[in-house]
A.B. asks: 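I have a structure here, written as structure tokens, and I will follow up with some questions on it.
No experiment lies behind these values; they were computed from the predicted model shown. Numbers restart at 1 for each chain; the letters A, B, ... are given by sequence-line order, proteins then strands. Note: hydrogens, waters and symmetry copies are ignored here, and every other heavy atom, side chains too, is used.
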Amino acid sequence: MAISNVAGNPGEKTLLLGNEAIARGFIEGGLRVAASYPGTPASEILNTLINVGDKYGIYTEWSTNEKVAAEVAISTAISGLRSMVSMKGVGVNVASEPFQAFSYMGTVGGIVLVSADDVGMHSSHTEQDNRFFAREAYLPIFEPPGPMGAHQMAKAALDFSEKWGQPVMFRTTTRIGHSAADITLGPVQKTKEKGEFKRDPNRWVNLPVNARRMRRELIERMEKIGEEVESIPFNQIVAEGDGQFGVISCGVTFNVVREAFKDLGLGDKIGLMKIGTPYPLPKKMVQQFLASNERVLIVEEVEPFVETQVKSLAHEGSLSTQILGKEHIPLAGESGPREVVMGLSQFMGMEPPNRFERADRIWKEAQALIPPRPPVLCPGCGHRTAFFAINVVEKKLGLKKEGGIVKPSDIGCYTLGYQSPLNAVDTNYCMGSSIGASSGFSHVIDNKIVCTIGDSTFFHSGIPPLLNAVYNKADINVVVLDNSTTAMTGFQPHPGVGTTATGQDTKCILIEDVARACGADTVDVVGSLDLDGLVEALEKAVNTSGVSVVVARQPCVLLDVRTRLKKGEKIKKYQVDQELCTKCELCLNLFGCPAFRKIDDVIDVDLALCNGCAACANILVCPQEAFKEVD
Amino acid sequence: MAVDVKVVLAGVGGQGAVLAGYVLAASAIKEGLSVRTYGDMGMSRRGGSVSSFVNIFDKEGTSATAVGTADLLVGLEPIEAVRYCKYLKEDGIVVVNSYLILPSTVGKKDRAELSEVENLLEFLKKNFKKTIVFDANKIACEINSLTTNIVMLGAAFSTGKIPVSTETFKQTLRDSFAPEIAEMNIEAFERGYDECNRK
Ligand SMILES: Cc1ncc(C[n+]2csc(CCOP(=O)(O)OP(=O)(O)O)c2C)c(N)n1
């Protein structure tokens, strides 16, 4: 019972999210292994495969990070079976190394690296265009126009990879992965259960002597692939036009361009070419299109990846077509209907439509009326109490005068400790950076340093920097915010949880054990909602030189409340005793639980939001102890 | 006549705007229509502003919604209704829950001024002739506080703008959720529908 039916029968029409459509495409393509590390906008691909993996004989795992996931998928492919490894765009930075080498070796079974680029940076810190990575690593790119195309292309990418013995990048974006459409399911190719590893050290061991030979073979292989993409249906001259203007569109912009043509009443005057493999480009087809149009606009999101290639193809073919792109289509952010209509009308020398004026006026007036609503830590979240305790210790030890504690942090829900009123996140570079950043600071500044890192992030990339801090004698304090899940991306398990992706019991690796094994000078474990205990442990840590680790542990409140309600437990709630409240607003101004509210000068708790963590009952949050349990 | 309807749902993370969008889209498929949706996921869910765009059509429709083109705005919360109303066309309809949720990041000095729901509703009414306001939270809390999204969809259906029959929608709820949850949501849907059908 569900809204979407990924595991439905061939011919069935169902609502699928782009990421579900990709997963279904892989299933139809006879996938055997799927590995991933969570990250928006990629997570739903593996989430989906986990749910239906049993039915189709697909092994799924959440690996500890993207690099490991890539290695897991590569070994499957080398054993002759089909695999995929999916990740958010920045995850490709982490997975880069094995793919660089594997590309030289080539593959036996089909293998697809899904790069879910976050164009628009809905939940990422870079807008990087991973097509450049693919180009550099010689990975052919498949880039779909939307959920329906993604469904077809995912299967085709597996077939293509196996046919040519080359790993393939499937580049999708947030707009595609998080769009849903009515999709008709196709037949499923059965996978074999067991693969076979054919020993061939000259190929699978990338010694320079082998790599030099394989690089030449790779270049030859890519030349043949370049021929092949001339005839695959994802690349196509869709409309010839009247020879004056033409558009080459790649990826998600294709449908937007078509709608813009209609919108501007361009009809069939304008030529249109669709690119599904931005690398390698179908060179002859592109040159043919250029030759038959005087001016061509390249429409693609983010970097001018297709554009620069098309320009060089024009040069090679001595074509005088005028080629434009980023002059009219934005470099930053998504190219939605508005951007494309504006860019296209500029390109055509038409008056841009003025119908956005009303919307712009409304938006300007609206902005003056409404506050921003950034994501925040949930009511009852243990991260909030941990950050609050760090702030309390900073004040208590009089460190504020000395420039305050420097608080590097990391990536996860807890990055939201950046928001007011906690303001307890000073730096964040990338996953796992908090501990390395702290080491760096400790050698050059006098401030005390307390960094925060989540449990999943600690396992992903926090262990080598912890070893580094101990080894290189840093003086830092590391608070591991252990909520026993990867919360931000939708509650995926990790090595500290005790269950696998498919819910099987497995060893639960304790962070305190890892920290001790890394040689940390002090290691303490405290409940994240135990404010007094946290303050005590943090004070001790800050006053101890060397590397101190405090594991602040409390299951993610969303999961915890959900399980407790299922078991029929009651969640106790807290309310303000108005007799005791002096309206000092410290609770709002220092702690800032989203369940607190102030309406008509009365401060109280929105009981629908309260998750009963009881932190507000602590005197550190309310000096009057006005928050009382409700019966 | 060709079907081509664009709906925007806007709310606060946790209110279920995205889920409601999916159920609506799935019900349209049941009627043989095509759909394209886009919903915010990931980071923005943690109490942030969340939107869901649902385009329903028979032959050709649009994949992404430009500002000034949507037919119906379903505001699960008034601040979010104001934030997303730029997507509505001039003669579009607003259905809005009057129950305000003030972001916890609002500083001390703005708290009082921003708590005025009337300012927000006035703004919507000024810009969109047909603006339907009611307290969906009150109705939802009588059933289950998690049903605000479906109460609001009931209200949205009452405008007659959605090209799906209420029966098909209720059947989609039955097909998508466990029986107790489906029944609870059907009640929420009917209550929202009846409340606004009179307006
Ligand atoms: C290289 C990379 N991979 C994945 C992500 C996506 N990501 C963002 S937050 C997060 C979860 C971190 O989980 P945890 O550290 O346990 O913190 P929580 O959200 O549970 O508080 C992940 C995986 C990322 N930003 N960068």
A.B. asks: Search all heavy atoms of A/Arg597 against all heavy atoms of A/Val605 and return the closest pair with its distance.
C.D. replies: NH2-O, 4.1 Å

A.B. asks: Minimum heavy-atom separation for B/Val106 to A/Pro371, with atom names?
C.D. replies: CG2-CB, 3.7 Å

A.B. asks: Has the side chain of B/Ser176 got a donor or acceptor atom that lies under 3.5 Å from a matching backbone atom of B/Leu173?
C.D. replies: no

A.B. asks: Would you list the atom pairs, donor with acceptor, under 3.5 Å between side chains in residues 8-17 of chain B and any protein atom, with sequence neighbours excluded?
C.D. replies:
unit_1	atom_1	unit_2	atom_2	d
B/Gln15	OE1	B/Val12	N	2.9
B/Gln15	NE2	B/Leu76	O	3.2

A.B. asks: Please enumerate all residues that pass salt bridge (Lys or Arg N to Asp or Glu O under 4.0 Å) together with A/Arg562, with sequence neighbours excluded.
C.D. replies: none

A.B. asks: Which bit of A/Leu369 is near chain B, if near means a heavy-atom gap under 4.5 Å: side chain, backbone, both or neither?
C.D. replies: both

A.B. asks: In terms of heavy-atom proximity below 4.5 Å to chain A, should B/Glu122 be classed as side chain, backbone, both, or neither?
C.D. replies: neither

A.B. asks: Would you say B/Glu60 has more than 12 foreign heavy atoms packed within less than 6.0 Å of its CD?
C.D. replies: no

A.B. asks: Ignoring hydrogens, what is the shortest heavy-atom contact between A/Ile603 and A/Cys587? Give both atom names and the distance.
C.D. replies: CG2-SG, 4.1 Å

A.B. asks: Using a cut-off of under 4.5 Å on heavy-atom pairs, state which of B/Glu116, B/Arg36, B/Lys30 scores highest against chain A.
C.D. replies: B/Arg36

A.B. asks: Treating A/Ser249 as the side-chain partner and A/Phe254 as the backbone partner, does any N or O pair qualify as donor plus acceptor under 3.5 Å?
C.D. replies: yes

A.B. asks: Among A/Thr14, A/Leu15, A/Val376, A/Asp182, which residue has the highest count of heavy-atom pairs closer than 4.5 Å to chain B?
C.D. replies: A/Asp182

A.B. asks: Do A/Glu301 and A/Ser335 have side-chain N/O donor and acceptor atoms under 3.5 Å apart?
C.D. replies: no

A.B. asks: In terms of heavy-atom pairs under 4.5 Å, which option from B/Ser34, B/Ala64, B/Pro78 contacts chain A the most?
C.D. replies: B/Ser34

A.B. asks: Below 4.5 Å, heavy-atom pairs only: which of A/Met148, A/Lys13, A/Glu585 has the largest tally toward chain B?
C.D. replies: A/Glu585

A.B. asks: Does B/Phe128 have A/Arg358 sitting over its ring (NZ/CZ under 6.0 Å from centre, angle to axis within 45°)?
C.D. replies: yes

A.B. asks: Could you tell me which portion of B/Ile79 (side chain, backbone, both or neither) has an atom closer than 4.5 angstrom to a non-hydrogen atom of chain A?
C.D. replies: both

A.B. asks: Within a reach of under 6.0 Å around CZ of A/Phe356, are more than 12 heavy atoms found that belong to other residues, nucleotides or ligands?
C.D. replies: yes

A.B. asks: Under 4.5 Å, heavy atom to heavy atom: which of residues 142-170 of chain B reach chain A? Give them by number, or say none.
C.D. replies: none

A.B. asks: Which of residues 84-102 of chain B have a heavy atom under 4.5 Å from any heavy atom of chain A?
C.D. replies: B/Cys85, B/Lys86, B/Glu90, B/Tyr99, B/Ile101, B/Leu102

A.B. asks: Tell me, for A/Ser43 versus chain B, whether the close heavy atoms (under 4.5 Å) come from the side chain, the backbone, both or neither.
C.D. replies: neither

A.B. asks: Between A/Lys88 and A/Asp117, does any side-chain N to carboxylate O distance fall below 4.0 Å?
C.D. replies: no

A.B. asks: Could you look at A/Ile176 and say if it's the side chain, the backbone, both or neither that has a heavy atom under 4.5 Å from chain B?
C.D. replies: neither

A.B. asks: Would you kindly say whether A/Asp118 and A/Ser124 are connected by a side-chain donor-acceptor distance under 3.5 Å?
C.D. replies: yes

A.B. asks: Looking only at heavy atoms, which two atoms of B/Phe177 and B/Ile181 are closest? And how far apart?
C.D. replies: CB-CG2, 4.1 Å

A.B. asks: Heavy-atom cut-off 4.5 Å, strictly under: side chain, backbone, both or neither for A/Asp601 against chain B?
C.D. replies: neither

A.B. asks: By a 4.5 Å heavy-atom criterion (distance strictly below it), what part of B/Thr65 contacts chain A: side chain, backbone, both, or neither?
C.D. replies: backbone

A.B. asks: Which one, A/Pro374, A/Pro421, A/Ser420, A/Ala595, leads in non-hydrogen pairs under 4.5 Å with chain B?
C.D. replies: A/Pro374

A.B. asks: Looking only at heavy atoms, what is the nearest atom pair of A/Pro594 and B/Ser104, with distance?
C.D. replies: CA-CB, 3.6 Å

A.B. asks: Is A/Leu422 close to chain B through its backbone or its side chain, or both, or neither, when contacts mean heavy atoms under 4.5 Å?
C.D. replies: neither

A.B. asks: Assess whether atom NZ of B/Lys126 is packed by more than 12 heavy atoms of other residues, nucleotides or ligands within 6.0 Å.
C.D. replies: yes

A.B. asks: Given the options A/Pro337, A/Ala180, A/Ala359, which has more heavy-atom pairs under 4.5 Å with chain B than any of the others?
C.D. replies: A/Ala180

A.B. asks: Side chain from CB out, backbone as N, CA, C, O: work out which of these in A/Cys381 comes under 4.5 Å of a heavy atom of chain B, or both, or neither.
C.D. replies: neither

A.B. asks: Answer with side chain, backbone, both or neither: which region of A/Arg258 has an atom nearer than 4.5 Å to a non-hydrogen atom of chain B?
C.D. replies: neither

A.B. asks: For each of A/Arg361, A/Lys598, A/Glu365, tally heavy-atom pairs with chain B at distances under 4.5 Å, and name the one with the top tally.
C.D. replies: A/Glu365

A.B. asks: Check A/Glu259 with A/Lys262, please: is the shortest side-chain N to carboxylate O separation under 4.0 Å?
C.D. replies: no

A.B. asks: Does A/Ser4 form a side-chain hydrogen bond (donor to acceptor under 3.5 Å, both in side chains) with A/Glu20? I'd like the steps, not just the answer.
C.D. replies: CA-CA 9 Å; A/Ser4 324; A/Glu20 293 172 328; 3.2 Å; yes

A.B. asks: Against chain A, label B/Val35 side chain, backbone, both or neither, depending on which of its atoms sit under 4.5 Å from a heavy atom there.
C.D. replies: both

A.B. asks: Between B/Asn119, B/Thr172, B/Val82, which has the largest tally of heavy atom pairs under 4.5 Å with chain A?
C.D. replies: B/Val82

A.B. asks: Is A/Gln367 in contact with chain B via its backbone, its side chain, both, or neither, using a 4.5 Å heavy-atom distance?
C.D. replies: neither

A.B. asks: About how many Å separate SG of B/Cys196 and CZ of B/Phe134, when rounded to the nearest 0.5 Å?
C.D. replies: 4.0 Å

